[in-house]
Amino acid sequence: MDDQTRMMTGLTGLGGLQQADVGDPDSVRKQQSLGQPQQDIGDILQQIMAITDESLDEAQARKHALNCHRMKPALFSVLCEIKEKTVLSIRGVQEEDPPDPQIMRLDNMLLAEGVSGPEKGGGSAAAAAAAAAAGGSPTDSSIEHSDYRAKLAQIRQIYHSELEKYEQACSEFTNHVMNLLREQSRTRPISPKEIERMVAIIHRKFSSIQMQLKQSTCEAVMILRSRFLDARRKRRNFNKQATEVLNEYFYSHLSNPYPSEEAKEELAKKCAITVSQVSNWFGNKRIRYKKNIGKFQEEANLYAVKTAVDAANVSAQASQANSPATPNSGGYPAPCYTPDGRL
DNA sequence: TGTCATGATTAATG
DNA sequence: CATTAATCATGACA
């Protein structure tokens with residue numbers, strides 16, 4: 001503990017003013033009528049003003065002297081009177097401001113990102129959602145997933161330790177100030193409301209510091225997220241087998257290259273990619289095939305042969321079940337077998 | 001390093 | 001909500 005605390009705890013033992021003395025305005029007159037020179041009050045005020053310039057020991061001694069001074073109750077009651085007059089003007093100033101929308105926004109975001117809130121649940125859920133949205137092959141996404149989670153946990157840890165530090169500092173500081181005020185209340189009148197207000201002011205100050213912490217944490221999460229999303233954009237080609245499966249399906253359903261949801265799921269499973277990736281692939285393939293059929297002719301022939309061979313290899317019953325779609329019923333032009341790849 | 005291929009994203013559409 | 005068309009951003013390769 002520092003000197004300030006020592007000082008305060010040291011002073012608590014000093015004889016204070018009883019509450020009964022506080023509200024007694026007559027005490028001033030009583031004291032004055034006892035013939036004390038007016039100058040005494042000036043001296044006392046002077047000493048109060050000078051108190052901050054003195055060393056702690058000196059101050060303590062002087063405080064003690066002040067508290068024991070016979071004019072002290074008189075001064076105190078004067079201060080009470082003054083206060084009574086001024087407190088009215090202060091009262092209007094103090095009103096509860098609504099919760100800061102900015103800090104609420106930050107809180108919500110931190111909660112949503114799983115930085116604040118319950119220990120693991122939120123974080124992994126957010127990461128999982130992000131990973132699901134990211135797609136990619138299972139191994140890739142799990143790598144990115146754990147990477148993201150590790151980074152998020154790091155941010156989370158820093159955030160919480162900082163927050164704890166701030167909270168501790170805040171309560172420590174509040175305690176100091178309250179002790180100080182309590183101590184001062186022996187010399188000057190301090191209402192509980194005032195202490196309350198002071199505490200509120202301190203909390204506001206600290207919460208603005210906390211907001212900075214929250215803000216920078218949010219920024220860190222955003223950067224992490226954007227990096228993660230960028231990583232998602234980092235295109236990884238599907239493996240050969242996967243594109244083969246997709247192409248096989250595409251060219252064998254050229255008349256209607258729109259796999260059903262079930263078919264997509266099946267393809268996704270076969271290719272070890274997500275359903276949305278299958279959708280992406282078919283979307284891209286359809287549009288690119290349509291745009292330049294000539295370019296895909298060779299590929300089309302290749303897969304037409306492949307499926308033909310497959311069909312031949314499989315028994316007749318299986319091949320019938322495989323292609324329910326009517327061939328060439330108004331879809332994309334069927335491939336033809338010209339060697340130069342032209343229609 | 002430039003170019004093409006390719007997976008992902010986005011706005012528009014029905 | 002699925003799809004199209006355009007576009008982005010990167011991978012692959014010469």
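Chain letters run A, B, ... following the sequence lines, proteins first, then strands; residues in each count from 1.
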Exercise. May I ask you to evaluate whether A:Lys290 reaches the phosphate of C:dA5, defined as a side-chain N or O under 4.0 Å from OP1 or OP2?
Key: yes

Quiz item: Of all the nucleotides listed (C:dT3, B:dT6, B:dA5), which has the minimum atom distance to the side chain of A:Lys264?
Solution: C:dT3

Practice problem: Round to the nearest Å and state the distance from A:Ile273 atom CD1 to B:dA8 atom C1'. | Solution: 12 Å

Quiz prompt | Toward the 5' end of DNA chain C, by each residue's nearest nucleotide, A:Gly283 or A:Asn237 | solution = A:Gly283

Quiz item: According to a strict under-4.0 Å criterion, is A:Gln277 in side-chain N/O contact with OP1 or OP2 of B:dG7?
Solution: no

Quiz item: Can you name the side-chain hydrogen bond (donor to acceptor under 3.5 Å, both in side chains) partners of A:Glu162, sequence neighbours left out?
Solution: A:Lys165

Quiz prompt | Residue-phosphate contact under 4.0 Å: A:Lys295 side-chain N/O, B:dA5 OP1/OP2 | solution = yes

Self-check item: Between P of C:dC8 and CZ of A:Arg288, the distance in whole Å
Solution: 13 Å

Quiz item: Are OP1 or OP2 of C:dG11 and a side-chain N or O of A:Arg236 less than 4.0 angstrom apart?
Solution: no

Practice problem: Can you tell me the distance, in whole Å, between the OH atom of A:Tyr258 and the C1' atom of C:dA2? | Solution: 10 Å

Quiz item: By side-chain hydrogen bond (donor to acceptor under 3.5 Å, both in side chains), which residues pair with A:Asn237, not counting sequence neighbours?
Solution: A:Arg235

Quiz item: Parallel, tilted or perpendicular: which fits the ring planes of A:Phe173 and A:Phe206, with parallel below 30° and perpendicular above 60°?
Solution: tilted

